[in-house]
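Here the structure is a predicted model, which means the values were calculated and not measured. Just so you know, ligand 1 is whichever comes first in the structure, and atom 1 is the first atom listed for that ligand. The basis for the numbers below is simple: all heavy atoms, side chains too, and nothing from hydrogens, waters or symmetry mates.
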Amino acid sequence: MVEFFEGVNRIKFEGVGSDNPLAFRWYQQDRMVAGRSMRDHLRFAVCYWHSFNWSGFDIFGDGTMDRPWLATDLNPITAAERKMAAAFEFFEKLGAPFWCFHDFDIAPEGSSFAESATNLDRMIDTAAGYQEKTGVELLWGTAKLFANKRYMGGAATNPDPEVFAYAAAQVAHCMNATHKLGGHNYVLWGGREGYDTLLHTDMKRELDQLGRFLNMVVEHKHKIGFKGTILLEPKPFEPTKHQYDYDTATVYAFLRQHGLENEIKVNIEVNHATLSGHDFAHEVATAVNCGIFGSIDANAGDDRLGWDLDRFPVSVEQMTLGMLEILRGGGFTTGGLNFDSKLRRQSIARDDLFIGHIGGMDTMARSLLAAASIIESGDLDHFVAERYAGWNDTLGAAIMKGTISLADLRERAATAAEPQPRSGRQEMLENVVARHIERTV
Ligand code: XUL
Ligand code: CO
């Protein structure tokens, strides 16, 4: 058997004193944090597309990376098998409990629907064998409904019902495959579900089509007995100028409109949150409030570049604030942290792939510790409880119960004392967060 990552052994925890680039400094899978092991809290997944399908090409240049499994002189099925051998060797050595894929990441797209389906079935059998052998599980599968030219005007939102039908068939087949591999979730990212110009777009019709499509997806889930969660992944733009699943709040309104709010949750991607003008923590908190928090695509953008850069997460502060909302929401159930992250184009060595993931996993593990410590201390919760305490008193309770009217309040104002503003102490609270991060051990 070919070994693709020669010289890399199973990545071990060595602690913060270690200078070994191929060791964890924070992620210790069996360490217990707030009643759960780090492994169960974080549920890390490696994505297939950036890590195994991407050679480093960009719009200005060709591939740069040392990726022997992407050699173009191989027959497509042999190449797919090689790629899968490399992928599972990587998952196992990294110690990632989960992986994620698009149908055409793992199987070559054929020249007809039937050929593509046969290719996928074959690679699903191969993947099932690797899962069995390594114990790595599938966090989610998804169908690539954005790359082929037929989808240039959208998949479910295409002006042509034949394209809708093709996309529906592709999703049905990919859901069956995900089910067969015991997937914990099924994801739909609306890669071309949006518009570039309203001049040729019937937006109302397209949104109704998307609502029907997602209802069909949910019907299919129940029909095949898939117990995983269906997840939508919001993104505000790119590739289209305006994506319909703009952010979590937009998705929630859409789900309610189509009666899907109890069936579909969100897969929040950190860089997509930033692009929509929100903080990552805001998107998580919104999803938790709406009861639709599902899973995370962990990555990061760049402060000065306004597109989807998919960098490995490095900011402990940003991730601590996100983890805080995840823990407050009760943590993951079927979801997890998928590294929808890619290396920079000059990181061409094979082991850079390990180093990127190790850094991301350590960032998330340290953020988990800091967030758990903030919650355990009660430092923020006590302040917030105090800040809103008035709502538990007579006036606040009467307002919320609806036993007092606008006219009653008008009358009350005649004798009521002027409200007394109190400091919001934002800087103090920011310092509290910094302290918990500094003291994380
Ligand atoms: C694109 C993106 C996708 C989805 C899966 O921005 O995030 O990779 O995660 O289709
Ligand atoms: Co993503």
Side-chain angles (χ1 to χ4, degrees), residues 43-54 57-59 87 98-107 109 120 138-148 151 154-157 167 170-171 174-175 177-178 183-194 210 213-214 217 228-248 251 264-276 278 280 283-284 287 293-302 305-313 322 335-343 356-357 360 364:
R43 295 170 61 84
F44 286 129
V46 175
C47 86
Y48 217 86
W49 49 104
H50 293 318
S51 293
F52 300 98
N53 277 12
W54 184 55
F57 68 87
D58 69 8
I59 51 169
F98 296 101
W99 67 299
C100 297
F101 71 84
H102 294 88
D103 44 5
F104 301 135
D105 296 339
I106 61 171
E109 187 165 7
L120 183 61
L138 180 64
L139 188 65
W140 47 264
T142 186
K144 209 168 194 173
L145 302 181
F146 44 86
N148 192 292
Y151 295 128
T157 60
Q170 198 181 323
V171 168
C174 191
M175 284 176 78
T178 300
H184 292 248
N185 307 272
Y186 183 83
V187 164
L188 294 123
W189 168 59
R192 304 265 174 203
E193 313 295 22
L210 189 56
F213 190 88
L214 294 175
V217 167
T229 310
I230 306 288
L231 300 169
L232 280 190
E233 184 174 322
K235 186 172 183 182
F237 48 80
E238 195 202 19
T240 67
K241 181 186 163 105
H242 177 91
Q243 301 266 132
Y244 292 136
D245 298 334
Y246 194 95
D247 62 0
T248 299
V251 165
I264 298 184
K265 295 184 171 8
V266 280
N267 181 39
I268 295 170
E269 178 160 325
V270 183
N271 203 169
H272 297 178
T274 322
L275 292 175
S276 66
H278 299 307
F280 169 43
E283 284 293 86
V284 177
F293 175 68
S295 201
I296 297 292
D297 271 7
N299 59 19
D302 180 288
L305 303 178
W307 67 89
D308 195 4
L309 284 149
D310 294 325
R311 290 170 53 221
F312 280 93
L337 283 164
N338 168 44
F339 287 107
D340 192 350
S341 310
K342 61 175 185 279
L343 295 167
H357 282 87
M364 299 313 305

Original post:
Mind checking whether V187 has a heavy atom under 4.0 Å from ligand 1?
Top reply: no
Original post:
Does H272 have a heavy atom less than 4.0 Å from any atom of ligand 1?
Top reply: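 It does; at least one heavy atom falls under 4.0 Å.
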Donor-acceptor contact present, side-chain [X] to main-chain [Y], <3.5 Å:
X    : Y    : value
N267 : L231 : no
T142 : V187 : yes
Q243 : G190 : yes

Which atoms of ligand 1 sit under 4.0 Å from any heavy atom of [X]?
X    : value
D308 : 6 (O)
K235 : 6 (O)
D297 : 9 (O)

Original post:
Looking at F98, F339, W99, which one forms a ring pair (Phe, Tyr, Trp, His ring centres under 6.0 Å) with F44?
Top reply: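 In the set F98, F339, W99, the residue that makes a ring pair (Phe, Tyr, Trp, His ring centres under 6.0 Å) with F44 is F339.
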Original post:
Tell me: protein heavy atom nearest atom 5 (C) of ligand 1, and distance?
Top reply: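 Sorting protein heavy atoms by distance from atom 5 (C) of ligand 1 puts H102 NE2, 3.3 Å first.
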**OP:** Specify the protein heavy atom at minimum distance from atom 9 (O) of ligand 1: its residue, its atom name, and the distance to 0.1 Å.
**Re:**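 Minimum-distance protein heavy atom for atom 9 (O) of ligand 1 reads E233 OE1, 2.7 Å.
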**OP:** Take the angle between the ring planes of F52 and Y48 and call it parallel below 30°, perpendicular above 60°, tilted in between.
**Re:**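 Aromatic pair F52/Y48 classed tilted.
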Original post:
Would you call the rings of W140 and W49 parallel, tilted or perpendicular if under 30° counts as parallel and over 60° as perpendicular?
Top reply: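 Tilted.
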Original post:
Between the side chains of N53 and D105, is a donor N or O closer than 3.5 angstrom to an acceptor N or O?
Top reply: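 Short answer, yes.
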**OP:** May I ask you to check if ligand 1 and D340 share an N or O to N or O distance below 3.5 Å?
**Re:** yes
Original post:
Can you find an N or O of N267 that's nearer than 3.5 Å to an N or O of ligand 1?
Top reply: no
Original post:
In a check of side-chain hydrogen bond (donor to acceptor under 3.5 Å, both in side chains) between Y151 and each of Q170, R192, K144, which one passes?
Top reply: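 For Y151, the side-chain hydrogen bond (donor to acceptor under 3.5 Å, both in side chains) test succeeds with only one of Q170, R192, K144, which is Q170.
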Of all N, O or S atoms in [X], identify the one at the shortest distance from the Co ion (ligand 2).
X    : answer
D297 : OD2
D340 : OD2
E233 : OE2
E269 : OE1

**OP:** Would you mind reporting whether I264 and V251 have side-chain heavy atoms less than 4.5 Å apart?
**Re:**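 The answer is no; the side chains never approach within 4.5 Å.
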